[in-house]
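These notes concern the structure reproduced below.
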Amino acid sequence: MDRTRSSAVVLDRAEVLHRQVRDLHNDSASIRRSVLLGDLENRQQTAAARSGIELLSELGSSGFSWRDVSRFSKVSIPAVQKWRRGEGMTGANRLRLARLVAFLDLLRDHFISEPVSWLEMPVKDQVQLSRLQMLINDRFDLVLELVSDDGDPVAVEPILDEYDSSWRETLVDPAFETFVATDGSVAIRPRT
Amino acid sequence: VALPLSLETPTSSDDLYLAKGLDTQEFLSRSHFTGDIFCLDSGELIALIQHPCAMRKGTELVKNLLTCRLKSFGPPPPDWSSGNFRRMFAPDIAESNYSIEFDDIQIVGRESLDRSSRVAILSHYGVNLLLQRWIFHNSRVLIPTSTISEQTVGPMEEADLIWEVLTARDPSTEEIDVERTFDEWLGFRSNSGGQSRREMLSDSQQRSSVRAAARREFQM
């Protein structure tokens with residue numbers, strides 16, 4: 001009887017401790033996210049001092065495709081071409097490009113040496129979603145969560161759950177996969 | 001949107017096009033690509049239907065290309081998955097709505113397909129949607145556009161880069177010469193057995209470095 005009561009007390013304490021650690025973890029994750037977003041805002045303001053042509057030049061030399069720049073900016077590629085020739089760009093569009101340039105800057109400071117490559121890669125193997133697509137959908141906060149500060153693997157699935165809780169059904173093809181055929185070109189076959 | 005158990009429907013007709021109407025003039029240097037819609041001298045509208053790799057040998061188009069005729073069609077249905085399996089919708093071209101008719105096939109000589117007579121160029125998503133319907137029409141196999149996209153992204157990236165290189169070229173140079181030089185550059189392998197730059201364009205991890213290198217090499 002005493003042993004049972006003693007076990008119950010220990011279990012109760014363990015559950016309280018577990019809740020406290022979980023709350024602390026959630027608090028620290030929330031603080032980290034808001035600090036990183038604040039850092040991004042500051043870098044964006046700095047980048048916004050550059051001209052539209054300079055911002056586009058930075059994105060181009062970093063390896064972005066103009067197709068992705070247009071998708072991110074929510075304008076057509078001919079519109080991006082006009083910006084590259086120096087034709088008018090609204091303040092809102094310049095600020096948006098500045099956010100992307102600032103994001104590259106932030107990633108480099110977090111030891112991601114080829115940030116555009118990192119952005120274009122799938123978030124997780126076999127999941128048809130890139131980090132860049134998350135940025136295009138304005139989820140900078142979640143992509144920042146995918147940045148590891150200490151080189152440890154990031155728990156990706158909770159981040160995907162927050163992005164789209166149905167990602168296992170919407171972003172994974174259970175039937176087909178791509179592979180490199182013997183001629184060096186990519187092809188499609190049933191998943192084995 | 002769940003991975004499809006049926007043919008997919010775009011959110012908006014704007015999602016289908018890279019350019020149409022006057023905007024196509026911005027892309028005069030862009031290679032012929034799957035889904036390009038041309039106005040022939042006869043006034044007929046036709047769409048290229050082959051996979052991009054099947055259309056070319058090196059920098060040259062093959063002599064004859066497989067196309068489908070377009071016909072006037074009403075506004076596309078709100079749901080593209082039910083019926084109309086013999087066509088792809090091509091709304092809002094030249095102030096009208098059309099469909100690409102898969103059972104109205106025509107072989108067209110390359111000399112009839114001048115890039116200046118292109119009236120619409122499909123977006124990457126538009127190409128994937130066309131291929132999804134074309135594959136389904138021909139084989140009754142349904143593949144998600146997101147998976148088709150993983151296959152078509154390399155050729156699409158190559159077409160984008162060729163366009164960039166040709167658009168940025170010195171006007172005193174011949175387009176065909178620059179295209180050949182770039183084709184050789186894309187075929188380069190840094191080591192035997194390694195990937196060519198062209199193959200790297202299909203790899204999400206490597207394609208941005210190819211773009212950046214091309215822009216440095218060809219001063220874009």
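Sequence lines set the chain letters: A, B, ... in the order given, protein chains first and strands last, and positions in each chain run from 1. All heavy atoms count here, side chains included; hydrogens, waters and symmetry mates do not.
Between B:Tyr98 and B:Leu45 there is a side-chain heavy-atom pair separated by less than 4.5 Å. Side-chain contact between A:Val101 and A:Asp105: absent, with no pair of heavy atoms (C-beta onward) separated by less than 4.5 Å.
Between chain B and the residues A:Glu120, A:Glu177, A:Glu114, the largest count of heavy-atom pairs under 4.5 Å involves A:Glu120. Between chain A and the options B:Gln151, B:Arg215, B:Glu157, B:Gln205, heavy-atom pairs under 4.5 Å are most frequent for B:Arg215. Contact tally against chain B (heavy-atom pairs below 4.5 Å) for A:Gly60, A:Ser76, A:Ala175: the top residue is A:Gly60. When each of A:Asp68, A:Leu132, A:Ile188, A:Val116 is scored by its heavy-atom pairs under 4.5 Å with chain B, the top score falls to A:Ile188. Of the residues considered (B:Ser204, B:Pro155, B:Ser196), B:Ser204 shows the highest number of contacts with chain A, using heavy-atom pairs under 4.5 Å.
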**OP:** Give the intermediate values and the outcome of ring-ring contact (aromatic ring centres under 6.0 Å, His included) for residues B:His137 and B:Phe102.
**Re:** CA-CA 8 Å; B:His137 168 71; B:Phe102 294 153; 5.4 Å; yes

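Taking the ring centre of A:Phe140 as origin, the terminal cationic atom of A:Arg99 falls inside the region bounded by 6.0 Å and 45° from the ring axis.
Distance check: A:Arg43 CZ to A:Leu106 CG gives 4.5 Å after rounding to the nearest 0.5 Å. With rounding to the nearest 0.5 Å, the separation of NE2 in B:His51 from CD1 in B:Ile135 is 8.0 Å.
Heavy atoms of A:Ser61 lying under 4.5 Å from chain B belong exclusively to its backbone. Only the backbone of A:Ala187 comes within contact range of chain B, with heavy atoms under 4.5 Å apart. Interface remark: A:Phe64 contributes backbone atoms only to the contact with chain B (heavy atom separation under 4.5 Å). At a 4.5 Å heavy-atom cutoff, B:Val210 makes no contact with chain A through either its backbone or its side chain. Contact annotation for A:Trp118: neither backbone nor side-chain heavy atoms come within less than 4.5 Å of a heavy atom of chain B.
For residues 14-36 of chain B, the interface with chain A (any heavy-atom pair closer than 4.5 Å) comprises B:Leu18, B:Asp23, B:Glu26, B:Phe27, sorted by residue number.
A donor and an acceptor atom, one from each side chain of A:Arg71 and A:Gln133, are located under 3.5 Å apart. With no hydrogens or angles considered, a side-chain donor-acceptor pair links B:Ser13 and B:Asp92 at under 3.5 Å. Defined by atom type and a distance below 3.5 Å, a donor-acceptor pair is missing between the side-chain atoms of A:Ser65 and B:Asp160. A donor-acceptor pair shorter than 3.5 Å can be found between the side chains of A:Thr170 and A:Asp164.
Taking the six-membered ring where the residue is Trp, the centroids of B:Trp185 and B:Phe182 are separated by under 6.0 Å.
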